[in-house]
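Counting starts at 1 for both ligands and their atoms, in listed order. Just so you know, these numbers come straight off a predicted model, no measurement behind them.
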Amino acid sequence: MKCVLVTGGAGFLGSHLCDRLIQSGNHVICLDNFFTGTKDNIQHLMGDSHFELEEREIIWPYIKNVDEIYNLACPASPVHYQYDPVKTINTSVLGAINMLELAKGAGAKILQASTSEVYGDPVIHPQTEDYWGNVNPIGVRSCYDEGKRCAETLCMDYHRQMGVIVKIIRIFNTYGPRMAQNDGRVVSNFIVNALLGKDIEIYGDGTQTRSFQYVDDLIEGMIRVMNTEDEFTGPVNLGNPGEFTMLELANLVLELTGSKSDIVFSTLPKDDPRKRKPNITLAKTKLDWEPTIPLREGLLKTIDYFRSIL
Ligand code: NAD
Ligand code: UDP
């Protein structure tokens, strides 16, 4: 039985990953400071003898004998990562150092949850892994983008310099059950407001695009990346190449919820990427992976979830 550490394990993605790892017969340690994660997300695992909760800060060193580490701890929604930007950078950079040191000491493999945000406001479309990105280093999003870029750098340097087995995944916008009601990202905002009959607020004119991946597809991809041969470091894009404008998303949410909410427009936040879509050729060839859940189907599952908690 493997001992697997999941940092950020009480968050949206982390809690689904913990479920999957427990189901596959692993011993799971969930490290989280509950900044954006909740006990509700992991409540159903608490009685399991193979599930351990470590309520702690990733910015403090941590020593444990583990076989694998999935490093997900970091606020991911712009609202939350911009709340305390210095803390966000510390979480990404010191967090990565602490987890890489842990991996080095324990001889463990580590998978780093990076992001499509490393491409910034991309001028190459769709984005391939060899694109170096277009990130504003001094803008309001850079605490997240540059923190994640630095974490990638640290992974590659620990790999080259110390032989640590690292895997970098670049996750594109992922949604699904257990997103927090106040998460602030577009899918949960639109669904929650549609269900409550409140206005759906589009930032800007709604022509900006994103590619939305359902959580189960991502979790499958993460496990496959962890199981690649030791030499494979990535980075590898994990996302659904379906590309939608925010106006299309708003209309689809209205249709699927049957809501009578109005769509209203407000100011576009600074440095908001204009378009984003993954090229997933590498994931397809290397992992034999591609998303299986189309947006409409994933939204219906997510709407069911929010209906049940609202
Ligand atoms: P989330 O906010 O639900 O989860 C983040 C988790 O990390 C939370 O449980 C939070 O409490 C924990 N955390 C934050 N700071 C911490 C700290 N200093 N110490 C310990 N724990 C801390 O967000 P998510 O969508 O589940 O994202 C998980 C990871 O995936 C993040 O690293 C994020 O950058 C990455 N990612 C997510 C997406 C997406 O679309 N969901 C896209 C790209 C990358
Ligand atoms: N957005 C929006 N209304 C909202 C939340 C977000 O129009 O209530 C827009 C946001 O400006 C961006 C897109 O939706 O263009 C995706 O935003 P999100 O915060 O979900 O993810 P990210 O920008 O990090 O990809």
Hey, is [X] close enough to [Y] for a salt bridge, meaning N to O under 4.0 Å?
X      : Y      : result
Lys39  : Asp32  : no
Arg141 : Glu117 : yes
Glu152 : Lys148 : no
Glu229 : Lys286 : yes
Glu68  : Lys167 : no

For [atom], what is the nearest protein heavy atom, given as residue, atom name and distance?
atom                    : value
atom 17 (O) of ligand 2 : Val186 CB, 4.1 Å
atom 3 (N) of ligand 2  : Glu201 O, 2.8 Å
atom 7 (O) of ligand 2  : Tyr203 N, 2.8 Å
atom 11 (O) of ligand 2 : Asp272 OD2, 2.7 Å

Specify side chain, backbone, both or neither for [X], according to which of its non-hydrogen atoms lie closer than 4.0 Å to ligand 2.
X      : result
Lys275 : neither
Arg210 : side chain
Met246 : side chain
Asn189 : side chain

Run down the list [options] and name the one with the heavy atom closest to [atom].
atom                    : options                       : value
atom 21 (N) of ligand 1 : Ile171, Asn33, Thr115, Leu17  : Asn33
atom 7 (O) of ligand 1  : Ser15, Gly37, Cys74, Ala180   : Cys74
atom 33 (C) of ligand 1 : Tyr81, Phe172, Tyr175, Tyr144 : Tyr144
atom 24 (P) of ligand 1 : Arg170, Arg185, Glu117        : Arg185
atom 8 (C) of ligand 1  : Val6, Leu13, Thr36            : Thr36

**Prompt:** Taking atom CG of Leu254 and atom CG of Asn193, what is their separation to the nearest 0.5 Å?
**Reply:**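 Leu254 atom CG to Asn193 atom CG measures 10.5 Å (nearest 0.5 Å).
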
Exercise. Between atom CG of Leu295 and atom CZ of Phe212, what is the distance when rounded to the nearest 0.5 Å?
Worked result: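 Here the interatomic distance stands at 7.0 Å.
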
Show me which atoms of ligand 1 lie under 4.0 Å from any heavy atom of [X].
X      : value
Pro75  : 14 (C), 15 (N)
Gly11  : 3 (O), 4 (O), 8 (C), 9 (O)
Glu57  : 17 (C), 18 (N), 19 (N)
Asn173 : 40 (O)
Gly8   : 6 (C), 7 (O), 9 (O), 12 (C)

Indicate, as side chain, backbone, both or neither, the part of [X] found under 4.0 angstrom from ligand 1 when only non-hydrogen atoms are considered.
X      : value
Lys148 : side chain
Ser77  : neither
Arg56  : backbone
Thr91  : side chain
Phe34  : backbone

[X] heavy atoms, cut-off 4.0 Å: which ligand 2 atoms fall inside?
X      : result
Asn173 : 21 (O), 22 (P), 25 (O)
Arg141 : 22 (P), 23 (O), 24 (O)
Ile202 : 7 (O)

Practice task
Taking atom types as modelled, find out whether His125 and Gln127 have a side-chain donor-acceptor pair closer than 3.5 angstrom.
Solution key: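 Looking only at side-chain atoms, Gln127 and His125 do form a donor-acceptor pair, the distance falling under 3.5 Å.
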
Taking atom types as modelled, is there a side-chain donor on Gln82 or Tyr144 under 3.5 Å from an acceptor on the other?
->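 No.
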
>> Against Thr209, only a single residue in Glu248, Glu243, Lys275 fulfils side-chain hydrogen bond (donor to acceptor under 3.5 Å, both in side chains); can you say which?
In response: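 The passing option is Glu243.
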
Hey, what's the ring geometry for Phe172 with Tyr119, parallel, tilted or perpendicular (30° and 60° as the breaks)?
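Taking Tyr119 first and then Phe172, their aromatic rings sit tilted (interplane angle of 30° to 60°).
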
- Message: Going by side chain to side chain contact (heavy atoms under 4.5 Å, CB included), Ile58 matches just one of Ile97, Leu94, Thr7. Which one?
- Response: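 Result: among Ile97, Leu94, Thr7, Thr7 is the only option passing the side chain to side chain contact (heavy atoms under 4.5 Å, CB included) with Ile58.
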
Practice problem: Please say whether more than 12 non-hydrogen atoms of neighbouring residues, nucleotides or ligands are located less than 6.0 Å from CG in Leu310. | Solution: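 More than 12 within 6.0 Å, yes.
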
| Got a sec: does the CZ of Arg56 have more than 12 other heavy atoms crowding it under 6.0 Å? |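 Check passes, neighbour count above 12.
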
| request: Output, in order, the C-alpha distance, side-chain angles, deciding distance and verdict of side-chain hydrogen bond (donor to acceptor under 3.5 Å, both in side chains) for Ser24 and Asn26. | output: CA-CA 6 Å; Ser24 315; Asn26 298 286; 4.6 Å; no

Q. Would you call Pro78 a ligand 2 contact, heavy-atom distance under 4.0 Å?
A.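 For ligand 2, residue contact (heavy atoms, under 4.0 Å) with Pro78 is present.
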
- prompt: Backbone or side chain, does any N or O of Ala73 fall under 3.5 Å from an N or O of ligand 1?
  reply: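 Checking ligand 1 against Ala73, no N or O pair falls under 3.5 Å apart.
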
